[in-house]
Amino acid sequence: MLRTHTCGQLRAENVGEKVTLCGWVDSYRDHGGGLFVDLRDRYGKTQVVFSPESGAEVQGQSRAIRNEDVIKVIGRIDLRPEGTVNSKLPTGEIEIRVESIEILNKCKTPPFFPNQQDQPNEDLRLANRFLDLRGNKMQETLVLRSRIIKLMRDYFEKHDFIDVETPILGRSTPEGARDYLVPSRVHHGTFYALPQSPQLYKQIMMIAGYDRYVQVARCFRDEDLRADRQPEFTQLDMEMSFVEMDDIIGMIDGLVEISAKEIHGQEVKLPLPRMTYAEALERFGHDAPDLRFGMELIDCTDLAAEAEFRVFKSVADAGNKVRGIIAKGAASKYSRRLIDNMTKFVQEDFGAKGLAWFKVEEGMKLSSPIAKNFSDELLAKFAERFDAEPGDLILMVADKYEVTCKALYALRKKLGAELELYDPKEMHYSWITEFPMFDYDEDEDRWNAMHHPFTAPLPEDIEKLDTAPHECRAIAYDLVINGSEAGGGTIRIHDSEVQEKVFGLLGMEKEEAQEKFGFLLDALQYGAPPHGGIALGIDRWVMLFGGLDNIRDCIAFPKTQKAADLMTKAPGSVDRKQLEELALKVMRLDEKRV
RNA sequence: GGGGCAGUAGCUCAAUUGGUUAGAGUCCCGGACUGUCGAUCCGGAGGUUGCGGGUUCGAGUCCCGUCUGCCUCGCCA
């Protein structure tokens, strides 16, 4: 070892010891007579002092020191003189009196410094990730990530789960996201697909009798990115045999309990609360509601039907919905202009036709440009429905149910953050259950599996497969943390008759199903145990437990919104020879339409 | 594919209504200084205003196109 201690290790009790430290120069303060260096590694910072007693040669060497140089110093630990203790540093009581120094590696003047107070632009950070990752915040986050993964692995090992690796090179399956494809050199014209999840493999493992499987699995989906979405991401994937939904949920409840305790030192009350999908949509407009605050959606379609106001009345008469939210005490915080912006927001992003709003005045008068279209009596009913008080702001959307959900969910989320209706550090865990089996794809005029085509329906809904597929609920469950989907799973179909019916609904012919995943259908006929599982989004867990608002900050080497790696410059072009081996030809843009 | 925001010195930002030689802090280089910890003080260097067109007597500023990054809808569990 080149060092005897780390830079976060030494305390007053080490005074007098001769030590060797290595690290990066975090900062230096040159006083001519003496030079102070904060030496940094991932464990902390220690002040090292060059003074005349270090000797002329060492002092001379010290003058060359610049930030981010990698140096090794040997010296004795001493208490800092009275009045110069730095209470901000754990090592702040002591300093190293340098006897010799070696500059292990000079640092070129970097484009930015890892811990500089004004964070550089993200593209610069990503292009120079080695500097960015050197910073305290990123190091903290990656340590947190490592702890979370270890905690998960330990937990599942303790519960007799077996860690099994599944292939990265698989085959493309229909449904779900767009695949990342890898061309085969041996079989020209064919492609592997990178796994969107190890779903099918883990079901095979169940059939093979490994009744508790777990894996920290890299997954790939070639879809557009978001603040909480990367094209390659990591799941804690697990599957269990001879279980029902409650067993899976109970298992994950236990993991949440331990995580909250280990990471935040918080006690979580189990079982975690549950809400059905239908209830979540009704009360919050979304299947992953942030339950750290209220501001629930309120239906007033019946009142709208009584109104003269044509916009409301026609929507109500057409069987659509008029729903709204109330922001307590927010009337004065939202000017006409801000409300106009909100209107534009729900129109452009969610297809709402408009945003109706009322400010509650003193004396309970509702004021709004549209107020004149309502009788005083009806306005009073609205106020009562929303439980309004003077100073409140009521926002309403009149539209199809789905549009009211989306628009009001987005407004609720926005207002909740802006009005600080919750403590951002607070954590809320809950389950959403009873998802629909299918949603309707209007473009393709057919049903889609909401989760995946092997999801089992609720036993009481099985007959609806024939009569009312849209009402058929799945044994599916999502773990929601702070309004973010942190995991999701299902109990799988292990009955080939039901499986066939589901394929039929999805418009998949028997031959096609056999061709695409015959291996699973076959396996299901050779002694498949009832089974189910879940996958947790590890990147999101880190994000949520770390209080971060960006998934890129939870990943050592993330991609940009255009799925590029700015450091390695991936994706890149390849040699003609490589293409030839694969029998591939790159089309020009104008050929694409052919 | 659609909508929005941003791009000015190595970095973070400023630049009035379109008007003189594009500024500040920091970093970098040189100098001073024996207790600093965002050290301080003095001096210096550093610019294709993302790129390409256009309007204008004159463009960092206005218009068109384009590239990159971010947020978002669609997409995605």
Side-chain angles (χ1 to χ4, degrees), chain A residues 26-38 45-53 59 63 66-68 78 80-89 91-92 95 97 108-128 131 175-179 196-197 199 219-231 233 235 287-288 341 344-352 406-407 410 414 432 435 439 441 443 448-452 455 476-480 484-490 534-537 540 549-550 552 559-562 564 566:
Chain A
D26 193 65
S27 64
Y28 63 96
R29 297 169 290 280
D30 188 351
H31 286 251
L35 174 70
F36 303 91
V37 170
D38 288 341
K45 287 197 280 191
T46 300
Q47 173 160 285
V48 306
V49 184
F50 298 85
S51 63
E53 66 187 67
Q59 261 204 300
R63 276 193 216 112
R66 292 294 177 274
N67 290 341
E68 297 310 314
D78 205 351
R80 294 191 186 193
E82 244 189 272
T84 63
V85 167
N86 186 346
S87 56
K88 289 183 207 159
L89 290 181
T91 62
E95 61 193 13
R97 303 202 163 255
K108 284 172 63 179
T109 301
F112 63 90
F113 293 96
N115 291 316
Q116 72 182 45
Q117 72 271 28
D118 291 314
Q119 281 257 299
N121 282 332
E122 199 168 355
D123 48 353
L124 200 70
R125 290 177 53 203
L126 292 176
N128 301 277
L131 290 175
E175 301 275 328
R178 191 178 295 113
D179 286 317
Q196 296 182 22
S197 80
Q199 182 61 39
C219 306
F220 305 86
R221 291 175 190 161
D222 188 3
E223 297 292 348
D224 286 349
L225 289 80
R226 288 286 187 281
D228 62 352
R229 244 163 54 191
Q230 283 273 303
F233 58 99
Q235 288 189 341
D287 61 4
N341 285 345
K344 235 165 88 180
F345 171 56
V346 295
Q347 285 174 327
E348 288 173 359
D349 278 3
F350 304 101
K406 285 184 175 184
K414 181 179 156 74
I432 305 295
F435 282 75
D439 57 5
D441 184 336
D443 293 338
N448 260 329
M450 197 144 167
H451 195 89
H452 60 68
T455 302
Y477 32 87
D478 276 4
L479 174 68
V480 175
S484 211
E485 183 199 335
T490 66
I534 192 167
L536 308 174
R540 285 190 189 166
D549 52 13
N550 186 320
R552 290 180 300 279
K559 304 278 190 289
T560 66
Q561 197 174 44
K562 290 203 168 163
L566 296 183

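Residue numbers begin at 1 in each chain, while the letters A, B, ... track the order of the sequences. Please read all numbers here as calculations on a predicted model, not as lab measurements.
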*So what does Arg552(A) hit on the nucleic acid, given a heavy-atom distance under 4.0 Å: a base, only sugar-phosphate, or nothing?*
sugar-phosphate

*Scan Gln561(A) against the nucleic acid and name what it touches under 4.0 Å (heavy atoms): base, sugar-phosphate only, or nothing.*
base

*Identify the nucleotide, in any strand shown, that forms a Watson-Crick or G-U wobble pair with G7(B), with both distances under 3.5 Å; if there is none, say none.*
C67(B)

*Which part of the nucleic acid does Asp30(A) contact within heavy-atom distance under 4.0 Å: base, sugar-phosphate only, or nothing?*
base

_Strictly below 4.0 Å: does Lys45(A) bring a side-chain N or O up to OP1 or OP2 of C37(B)?_
no

_Within this structure, what is the CD-NE2 distance for the pair Gln199(A) and His451(A), rounded to the nearest 0.5 Å?_
6.0 Å

*Exceeds 12 heavy-atom contacts within 6.0 angstrom, atom CG of Asn341(A)*: yes

*Inspect the contact between Asp38(A) and Arg29(A) and indicate whether a charged nitrogen and a carboxylate oxygen are less than 4.0 angstrom apart.*
yes

*Between C64(B) and C70(B) - C1' atom distance, rounded Å*: 24 Å

*asked:* Within the 4.0 Å heavy-atom criterion, would you say Arg221(A) contacts the bases, only the backbone, or no part of the nucleic acid?
replied: sugar-phosphate

_Candidate nucleotides C28(B), G35(B), U68(B), ranked by approach to the side chain of Thr109(A) - the nearest_ = C28(B)

*Between G35(B), A39(B), G38(B), which one does the side chain of Thr84(A) approach most closely?*
G35(B)

_Regarding Arg66(A) and Glu68(A), does a basic nitrogen lie under 4.0 Å from an acidic carboxylate oxygen?_
no

*Can Phe36(A) be classed as stacking with the base of U36(B), given a centroid separation cut-off of 5.5 Å and a plane angle cut-off of 30°?*
yes

_5' priority, RNA chain B, between Leu89(A) and Gln119(A) [closest heavy atom]_ = Gln119(A)

*When all nucleic acid strands are considered with a 4.0 Å heavy-atom cut-off, which category describes Glu95(A): base, sugar-phosphate, or nothing?*
base

*5'-most contact on RNA chain B: Leu566(A) or Leu124(A), nearest heavy atom basis?*
Leu124(A)

*How long is the gap from CZ on Arg97(A) to CD on Gln47(A), to the nearest 0.5 Å?*
9.5 Å

*If we call it a pair only when both distances are under 3.5 Å in a Watson-Crick or G-U wobble match, what pairs with A15(B)?*
none

*Would you mind classifying the nucleic acid contact of Phe113(A) as base, sugar-phosphate or nothing, using non-hydrogen atoms under 4.0 angstrom?*
sugar-phosphate

*Can a donor-acceptor pair under 3.5 Å be found between the side-chain atoms of Arg63(A) and the base atoms of G30(B)?*
no

*Pick base, sugar-phosphate or nothing for Lys406(A), based on heavy-atom distances below 4.0 Å to the nucleic acid.*
sugar-phosphate

_Integer angstrom distance from the P of U26(B) to that of C67(B)_ = 38 Å

*asked:* With rounding to the closest Å, how many angstrom separate the C1' atoms on G7(B) and C57(B)?
replied: 29 Å

*Could you tell me the separation between the CG atom of Asp478(A) and the CZ atom of Phe435(A), rounded to the nearest 0.5 Å?*
3.5 Å

*Check every atom of U36(B), U34(B), G69(B) against the side chain of Pro52(A) and return the nucleotide holding the closest atom.*
U34(B)

*asked:* It should be established whether Arg29(A) places a side-chain nitrogen or oxygen under 4.0 Å from OP1 or OP2 of nucleotide G38(B).
replied: no

*With distance as the sole criterion, do the side chain of Gln116(A) and the base of G38(B) form a donor-acceptor contact below 3.5 Å?*
no

*asked:* Categorize Gly32(A) for me: base, sugar-phosphate, or nothing, with a 4.0 angstrom heavy-atom threshold over every strand shown.
replied: base

*Contact class for Ser51(A) (heavy atom, under 4.0 Å): base, sugar-phosphate, or nothing?*
nothing

*Where the side chain of Glu223(A) is concerned, which of G35(B), G69(B), C75(B) is the nearest nucleotide?*
C75(B)

*Between Lys108(A) and G10(B), is there a side-chain N or O to OP1/OP2 distance below 4.0 Å?*
no

_Separation between the P atoms of U16(B) and U21(B), rounded to whole Å_ = 16 Å

_Checking base pairs now: Watson-Crick or wobble, both atom distances under 3.5 Å. What partners C27(B)?_
none

*Considering only side-chain heavy atoms of Glu122(A), which listed nucleotide, C76(B), G35(B), C70(B), is closest?*
C70(B)

_Determine whether the aromatic ring of His31(A) stacks with the base of A39(B), defined as ring centroids separated by less than 5.5 Å and ring planes inclined by less than 30°._
yes

*Presence of donor-acceptor pair under 3.5 Å, side chain of Asn121(A) and base of G7(B)*: no

_Considering every strand and a 4.0 Å limit on heavy-atom distances, what is the contact class for Arg80(A): base, sugar-phosphate, or nothing?_
base

*Between G35(B), G1(B), U68(B), which nucleotide has the shortest distance from any of its atoms to the side chain of Asp224(A)?*
G1(B)

_Contact under 4.0 Å: Arg226(A) side-chain N or O vs C73(B) OP1/OP2_ = yes

*Pick the C1' atom in C5(B) and in G50(B), then give their distance to the nearest Å.*
16 Å

*Just call it for Gly176(A): base, sugar-phosphate, or nothing, with non-hydrogen atoms closer than 4.0 Å on any strand.*
sugar-phosphate

*Ignoring the backbone of Pro120(A), work out which of C73(B), U12(B), G35(B) is nearest its side chain.*
U12(B)

*Between C71(B), G38(B), C73(B), spot the one nearest the side chain of Asn550(A), thanks.*
C71(B)

*Which part of the nucleic acid does Asp549(A) contact within heavy-atom distance under 4.0 Å: base, sugar-phosphate only, or nothing?*
nothing

*Scan Asn86(A) against the nucleic acid and name what it touches under 4.0 Å (heavy atoms): base, sugar-phosphate only, or nothing.*
base

*Quick one: does Arg80(A)'s side chain have a donor or acceptor within less than 3.5 Å of a partner on Val85(A)'s backbone?*
no

*Any side-chain heavy atom of Gln59(A) sitting closer than 4.5 Å to one from Glu53(A)?*
no

*Using the C1' atom on both, measure G44(B) against C27(B) and round to a whole Å.*
14 Å

*Between U12(B) and A6(B), how far apart are the C1' atoms? Round to whole Å, please.*
14 Å

*Would you state whether a donor and an acceptor, one from the side chain of Glu348(A) and one from the base of U72(B), lie under 3.5 Å apart?*
no

_Integer angstrom distance from the P of A77(B) to that of G4(B)_ = 28 Å

_A side-chain contact here means heavy atoms from C-beta on lying under 4.5 Å apart; do Phe233(A) and Arg221(A) qualify?_
yes

*Look at all strands and tell whether Leu225(A) reaches a base, only sugar-phosphate, or nothing, counting heavy atoms closer than 4.0 Å.*
nothing

